[in-house]
Amino acid sequence: MQGTFKQAGQRFHNIQVQVNGVAGKSTVAHANVSESTMTDDPINQTGVRNKVSSALNQSFDSGHSYSVTGTAP
């Protein structure tokens, strides 16, 4: 996690996947995760984790950043 920021009244966590030992730009995947999606409920955490993993995989494949938003049940 590279920190947090606010956008449109929501707080997001800046999640990056980086490769060690690379000079220059080492980020290979990026997702901003809204705090409203986070939960303490273990069952719902699995769903949120899957959404974040999917966003990071899509980012890796496309080279674009993705956002995970919404609210956990």
Full working for side chain to side chain contact (heavy atoms under 4.5 Å, CB included) between Val33 and Met38: CA-CA 8 Å; Val33 182; Met38 299 176 186; 4.1 Å; yes
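- From Ser65, atom OG reaches atom CD of Gln16 across 8.0 Å, with rounding to the nearest 0.5 Å.
- Put simply, OG on Ser34 and NZ on Lys51 are 10.0 Å apart, with the number rounded to the nearest 0.5 Å.
- For Phe60, the CZ atom is loosely surrounded, since the number of other residues' heavy atoms within 6.0 Å does not exceed 12.
- Side-chain contact, Gln18 with Asn20: no donor N or O sits under 3.5 Å from an acceptor N or O.
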Check against side chain to side chain contact (heavy atoms under 4.5 Å, CB included), Asn32 and Tyr66: CA-CA 6 Å; Asn32 293 317; Tyr66 286 84; over 6 Å; no
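- Although no hydrogens or angles enter the test, the distance criterion places no donor-acceptor pair under 3.5 Å between the side chain of Ser59 and the main chain of Ala31.
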Step-by-step side chain to side chain contact (heavy atoms under 4.5 Å, CB included) determination, Thr27 to Gln2: CA-CA 11 Å; Thr27 298; Gln2 298 295 312; over 6 Å; no
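- Defined by atom type and a distance below 3.5 Å, a donor-acceptor pair is missing between the side-chain atoms of Ser67 and Thr69.
- Atom NE2 of His30 is separated from atom CD1 of Ile15 by 8.0 Å, given to the nearest 0.5 angstrom.
- The environment of CG in Asp40 is sparse: at most 12 heavy-atom neighbours from other residues, nucleotides or ligands sit within 6.0 Å.
- By the criterion of side-chain heavy atoms lying less than 4.5 angstrom apart, applied directly or through intervening Ile, Leu, Val, Met, Phe, Trp or Tyr residues, Met1 is not grouped with Phe12; the two fall into different hydrophobic clusters.
- When all heavy atoms of Val48 and Thr37 are compared, the pair lying nearest together is CG2-O, 3.0 Å.
- Among the candidates Gln10, Lys6, His13, the single residue satisfying the side chain to side chain donor-acceptor pair (under 3.5 Å) test with Glu35 is His13.
- A donor-acceptor pair under 3.5 Å is absent between the side-chain atoms of Ser54 and the main chain of Asn50, judged by distance alone.
- Distance check, rounded to the nearest 0.5 Å: CG of Leu56 to CG of Asp61 gives 11.0 Å.
- Contact annotation: the side chain of Arg49 approaches that of Thr46 to within less than 4.5 Å [non-hydrogen atoms, C-beta and beyond].
- By the criterion of side-chain heavy atoms lying less than 4.5 angstrom apart, applied directly or through intervening Ile, Leu, Val, Met, Phe, Trp or Tyr residues, Ile43 is not grouped with Val68; the two fall into different hydrophobic clusters.
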